[in-house]
Amino acid sequence: MAKQYWLMKSEPNVYSIEDLKRNKTSPWEGVRNYQARNFMRDEMKLGDKVLFYHSNAKPSGVAGIAEVCKTSYPDFFAWDKKSKYFDKKTDPENPTWFMVDVKFVSQFKEVISLQELKEDPALSGMTVTKKGSRLSVHPVDKKHFDHVVALGKRKS
DNA sequence: GCCAACGTTGGC
DNA sequence: GCCAACGTTGGC
């Protein structure tokens, strides 16, 4: 199957692109939304590219690029009572939540802000620019992905 | 199965 | 911190 492209949101005060750069790879734990889980569990493949998006940030926007380096496995934080992602309804024998691992690819010199994404005609229709778009993991068109990467390079 | 109440996300 | 948008829960 052809390589796919994704956008994954993280609040930088929780986990930022700098954290991923330092750690090289990271599990993408804590997704507690079924649609987002389905994308990770069923569709993400090794080598798929990811736009790393900072939400609730100043400014919010795409901060860099990551790559899927481990396909889905159960999000064990869901049955760790000490984790803030603990979910008492999930059973380790029959996990509800899944995650993938991602690895650092590059960090843009500057975040490409949501406003820039919205104002760029080449990115019209991109999911993250739509009103009320809350899904923290979702697919991105290759043409949109490539354009954002080009914007990121121009700023580097 | 409807839908009101409640909780969360996330831009601003 | 506000609040609009959206998801989930639970009474009936």
Side-chain angles (χ1 to χ4, degrees), chain A residues 4-23 26-44 48-68 72-102 104-141 143-145 147-152 154-155:
Chain A
Q4 297 184 92
Y5 300 88
W6 305 95
L7 182 144
M8 298 174 93
K9 295 180 186 173
S10 180
E11 300 192 24
N13 59 352
V14 176
Y15 199 87
S16 72
I17 188 89
E18 285 87 1
D19 295 323
L20 185 63
K21 186 177 188 178
R22 188 173 59 246
N23 297 337
S26 174
W28 201 270
E29 80 279 10
V31 171
R32 295 292 177 266
N33 171 283
Y34 288 102
Q35 249 186 300
R37 177 207 66 184
N38 291 345
F39 285 134
M40 290 200 293
R41 187 189 58 186
D42 304 334
E43 300 198 38
M44 282 195 176
D48 280 1
K49 292 288 197 293
V50 176
L51 295 176
F52 194 115
Y53 183 90
H54 282 176
S55 60
N56 264 318
K58 292 176 183 168
S60 293
V62 178
I65 304 167
E67 183 181 314
V68 177
S72 71
Y73 59 106
D75 180 345
F76 51 80
F77 292 89
W79 53 80
D80 176 358
K81 283 201 177 61
K82 295 191 294 296
S83 169
K84 69 179 217 171
Y85 300 119
F86 176 66
D87 176 2
K88 66 179 185 319
K89 292 193 296 293
T90 184
D91 171 7
E93 298 299 312
N94 183 23
T96 304
W97 304 114
F98 289 79
M99 60 187 173
V100 298
D101 284 2
V102 298
F104 177 80
V105 174
S106 65
Q107 177 180 7
F108 297 157
K109 195 171 181 185
E110 285 177 61
V111 168
I112 301 167
S113 71
L114 181 60
Q115 189 187 353
E116 289 174 79
L117 300 177
K118 284 179 173 170
E119 285 171 353
D120 193 328
L123 298 176
S124 116
M126 192 178 174
T127 303
V128 77
T129 65
K130 289 179 186 165
K131 191 179 178 186
S133 163
R134 288 177 21 181
L135 196 56
S136 62
V137 176
H138 62 249
V140 174
D141 289 350
K143 64 175 193 283
H144 291 157
F145 183 93
H147 190 78
V148 172
V149 171
L151 291 177
R154 203 164 65 202
K155 291 195 168 201

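So that the names make sense, note that chain A is the first sequence line, chain B the second, and so on, each numbered from 1.
Listed by chain and number, the residues in a ring-ring contact (aromatic ring centres under 6.0 Å, His included) with Tyr34(A) are Trp97(A) (sequence neighbours excluded).
The interatomic distance linking Tyr53(A) (OH) with dG10(B) (P) rounds to 8 Å, in whole Å. A straight line from CG of Asn33(A) to P of dC6(C) spans 13 Å, rounded to a whole angstrom. Here the C1' atom of nucleotide dG7(C) and the CD atom of Gln35(A) are 10 Å apart, to the nearest Å. Distance, Asn38(A) CG to dG7(C) C1': 14 Å, rounded to whole Å. We find that CG of Asn13(A) is positioned 13 Å from C1' of dT9(B), with the value rounded to whole Å. Whole-Å rounding puts the Glu11(A) CD to dC12(B) C1' distance at 14 Å.
Between Trp28(A) and the options Tyr15(A), Trp6(A), Phe52(A), a ring pair (Phe, Tyr, Trp, His ring centres under 6.0 Å) holds for only Phe52(A). When each of Met40(A), Arg37(A), Met44(A), Glu29(A) is paired with Phe98(A), the side-chain contact (heavy atoms from CB on, under 4.5 Å) condition holds for Arg37(A) and for no other. Of the listed residues (Ser113(A), Pro59(A), Pro12(A), Ser60(A)), just one forms a side-chain contact (heavy atoms from CB on, under 4.5 Å) with His54(A), and that residue is Pro12(A). Remark: of the listed residues Ile65(A), Val50(A), Leu7(A), Val62(A), Ile65(A) is the sole one forming a side-chain contact (heavy atoms from CB on, under 4.5 Å) with Phe145(A).
Minimum heavy-atom separation, Val148(A) to Leu51(A): CG1-CD2, 3.9 Å.
Within the 4.0 angstrom heavy-atom criterion, only backbone atoms of the sugar-phosphate kind lie near Lys89(A); the bases stay farther away.
Of all the residues in residues 79-88 of chain A, not one reaches under 4.0 Å from DNA chain C with any non-hydrogen atom. Of the residues in residues 123-135 of chain A, Lys131(A), Gly132(A), Arg134(A) come within less than 4.0 Å of DNA chain C through at least one heavy atom, sorted by number.
Close to dG10(B), at under 4.0 Å from its OP1 or OP2, lies a side-chain N or O of Lys9(A). The shortest distance between the side-chain N/O atoms of Ser60(A) and the OP1/OP2 oxygens of dG10(B) is not below 4.0 Å.
Here the side chain of Asp87(A) pairs no donor or acceptor atom with the backbone of Ala78(A) at under 3.5 angstrom.
Both Asn56(A) and Tyr34(A) sit near DNA chain C, but only Asn56(A) has its closest nucleotide nearer the 5' end.
The closest side-chain donor-acceptor pair between Tyr73(A) and Asp101(A) falls under 3.5 angstrom.
How far NZ of Lys118(A) is from CG of Leu123(A): 12.5 Å, rounded to the nearest 0.5 Å.
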